[in-house]
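Only one structure is covered here, and it is reproduced in the block below.
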There are 2 protein chains.
Amino acid sequence: MGEVRPYHHGDLRRHLVAAARAELEEHGVANVVLTRLAQTCGVSVAAPYRHFPSKEALLAEVANGGFTELAAALGEAARDGASPRDRLLDAGVAYVRFAIANPHLFRLMFNTDVRTPVGEESRESRGVLVSLVQECDLAVPVTRAVRASWAMVHGQAALCVGAMGKFEDLTDETIREDLEVLLDGMILAG
Amino acid sequence: MGEVRPYHHGDLRRHLVAAARAELEEHGVANVVLTRLAQTCGVSVAAPYRHFPSKEALLAEVANGGFTELAAALGEAARDGASPRDRLLDAGVAYVRFAIANPHLFRLMFNTDVRTPVGEESRESRGVLVSLVQECDLAVPVTRAVRASWAMVHGQAALCVGAMGKFEDLTDETIREDLEVLLDGMILAG
DNA sequence: ACCTGAACACCGTTCAAGT
DNA sequence: ACCTGAACACCGTTCAAGT
């Protein structure tokens with residue numbers, strides 16, 4: 001009976017986030033334009049403001065979705081490892097792979113100029129790393145081991161997707177090896 | 001004899017870069033507005049386009065200046081180290097300190113969405129790191145040692161100035177210690 | 001409750017014209 | 001050669017009004 005008007009049932013919010021995510025990875029964060037997102041969703045340019053207070057808030061939700069995805073990717077990668085050490089290494093490789101697969105999203109997540117009140121999602125992805133490190137038997141405090149391991153994989157990831165492009169030829173093995181020498185040092189250090 | 005018109009002798013270009021650098025660190029890259037820079041320099045809004053093809057090009061020059069500064073900071077920090085290992089550690093700490101001291105500049109340098117044709121300046125700052133690693137006697141190839149060391153300090157730096165703010169309480173000692181366990185692992189690894 | 005239409009504000013960029 | 005004045009284009013945001 002008559003045409004059904006789309007997006008009168010709460011779908012617009014999710015549709016906007018999905019469209020933003022797609023535009024982000026396609027054109028970069030600088031070229032995500034709210035007007036185009038509205039057009040894609042078939043609504044007026046003002047409609048998004050019924051669901052988000054600002055463009056920035058919309059992008060923050062995209063970033064939070066990225067953290068959820070990242071946590072899932074780390075958990076999945078670590079599932080099949082034979083030892084705690086292997087699981088941590090697998091997760092580390094997955095971290096860098098995630099950045100390479102979603103460079104614009106990764107930058108949006110971590111390069112936040114604005115002091116975004118970080119969502120629970122980012123803590124969750126950190127938690128995966130913490131528990132993996134805890135299972136390893138390292139000679140340094142867990143806090144330090146987490147920080148150093150995270151810095152290593154994040155540095156590889158950031159240098160991969162950032163300027164300079166020196167790290168473009170990273171293979172899974174090189175990623176793993178770099179993290180491995182760090183773990184070797186942590187097993188021995190007191 | 002009469003008023004001297006400012007910026008008729010090639011000073012505007014440098015003045016614009018200096019103003020951009022100041023605004024960048026004050027308000028963040030998203031709030032660097034060309035109109036305000038022109039106003040600061042006492043010229044019309046169109047004047048900057050006599051010296052730069054775009055705002056992006058102006059920011060690229062600011063970023064290149066950052067790489068020159070970074071290279072100098074690394075070199076200076078490494079000057080007084082007692083051993084090759086100490087010099088590398090000192091440079092590593094200086095790298096993270098630079099990021100913390102100039103967070104917006106650091107992000108501009110490395111977080112380049114646009115595929116900026118990286119200037120010679122960035123290669124120079126990398127060269128400092130390479131030569132420091134070469135002097136150390138490590139059991140892994142220099143290429144790998146450079147990559148791992150750089151990833152470690154860059155990861156610390158990026159996580160410090162980026163989201164999440166988990167690394168805010170980094171002291172010089174913790175920075176150094178994280179890099180140290182990596183070096184320990186590299187001395188032993190074959 | 002959710003959306004439209006139209007407007008405003010801001011800012012990057014251009015261009016003809018000045019000296 | 002270098003700069004001004006004025007305009008245009010784009011886009012984030014707002015608001016009164018519709019259903």
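Chain A is the first sequence line, chain B the second, and so forth, proteins listed ahead of strands; every chain is numbered from 1.
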Note to self: Categorize B:T35 for me: base, sugar-phosphate, or nothing, with a 4.0 angstrom heavy-atom threshold over every strand shown.
What the structure shows: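 Sugar-phosphate, no base atom in range.
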
Grouping I, L, V, M, F, W and Y whenever their side-chain heavy atoms are under 4.5 Å apart, do A:V45 and A:V33 come out in a common cluster? no

[X] has an atom [atom1]; how far is it from atom [atom2] of [N], in whole Å?
{"X": "A:Q39", "N": "D:dG12", "atom1": "CD", "atom2": "P", "value": "13 Å"}
{"X": "A:R13", "N": "C:dA1", "atom1": "CZ", "atom2": "C1'", "value": "15 Å"}
{"X": "B:H27", "N": "C:dC11", "atom1": "NE2", "atom2": "P", "value": "12 Å"}
{"X": "B:L37", "N": "C:dC11", "atom1": "CG", "atom2": "C1'", "value": "12 Å"}
{"X": "A:N31", "N": "D:dC11", "atom1": "CG", "atom2": "C1'", "value": "12 Å"}
{"X": "A:D11", "N": "C:dA1", "atom1": "CG", "atom2": "C1'", "value": "15 Å"}
{"X": "B:E56", "N": "C:dT13", "atom1": "CD", "atom2": "C1'", "value": "14 Å"}
{"X": "A:Y49", "N": "D:dT14", "atom1": "OH", "atom2": "P", "value": "7 Å"}

message: Of the listed nucleotides (C:dT4, D:dC3, C:dC3), which one gets closest to any side-chain atom of A:S44?
response: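 Given the options C:dT4, D:dC3, C:dC3, the side chain of A:S44 is closest to C:dT4.
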
Reading DNA chain D from 5' onward, which residue's closest nucleotide shows up sooner: A:R50 or A:K55?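 Looking at the nearest nucleotide for each, A:K55 comes out on the 5' side.
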
Got a second to check how far A:D178's CG is from A:L182's CG, nearest 0.5 Å?
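If I round to the nearest 0.5 Å, the distance is 9.5 Å.
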
To the nearest 0.5 Å, what is the distance between CD on A:E177 and CG on A:D184?
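With rounding to 0.5 Å, CD (A:E177) is 11.0 Å from CG (A:D184).
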
Flag for B:R21-B:N102: side-chain donor and acceptor within less than 3.5 Å =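 A donor-acceptor contact under 3.5 Å links the two side chains.
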
Where does the angle between the aromatic ring planes of B:W150 and B:H154 fall among parallel (under 30°), tilted (30 to 60°) and perpendicular (over 60°)?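 Judged by the thresholds at 30° and 60°, the geometry between B:W150 and B:H154 is perpendicular.
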
* Asked: What is the ring orientation for B:F110 with B:F67, classed by angle as parallel under 30°, tilted 30 to 60°, or perpendicular over 60°?
  ->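 If you compare the ring of B:F110 with that of B:F67, the planes turn out perpendicular.
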
Under-3.5 Å N/O pairs linking protein and nucleotides 6-10 of chain D:
none

**Request:** Using the test salt bridge (Lys or Arg N to Asp or Glu O under 4.0 Å), find all partners of A:R176 that sit at least two apart in sequence or belong to another chain.
**Result:**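 By the salt bridge (Lys or Arg N to Asp or Glu O under 4.0 Å) rule, A:R176 matches A:D86, A:D90.
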
Here DNA chain D, pairs taken as Watson-Crick or G-U under 3.5 Å and shown with ( ), [ ] when crossing and | when to another strand, reads ||.|||||...|||||.||

Flag, side chain of B:E25 to backbone of B:L105, donor-acceptor distance under 3.5 Å: yes

Under a 3.5 Å distance rule, please check whether B:S149 uses its side chain to pair with a backbone N or O of B:V146 as donor and acceptor.
no

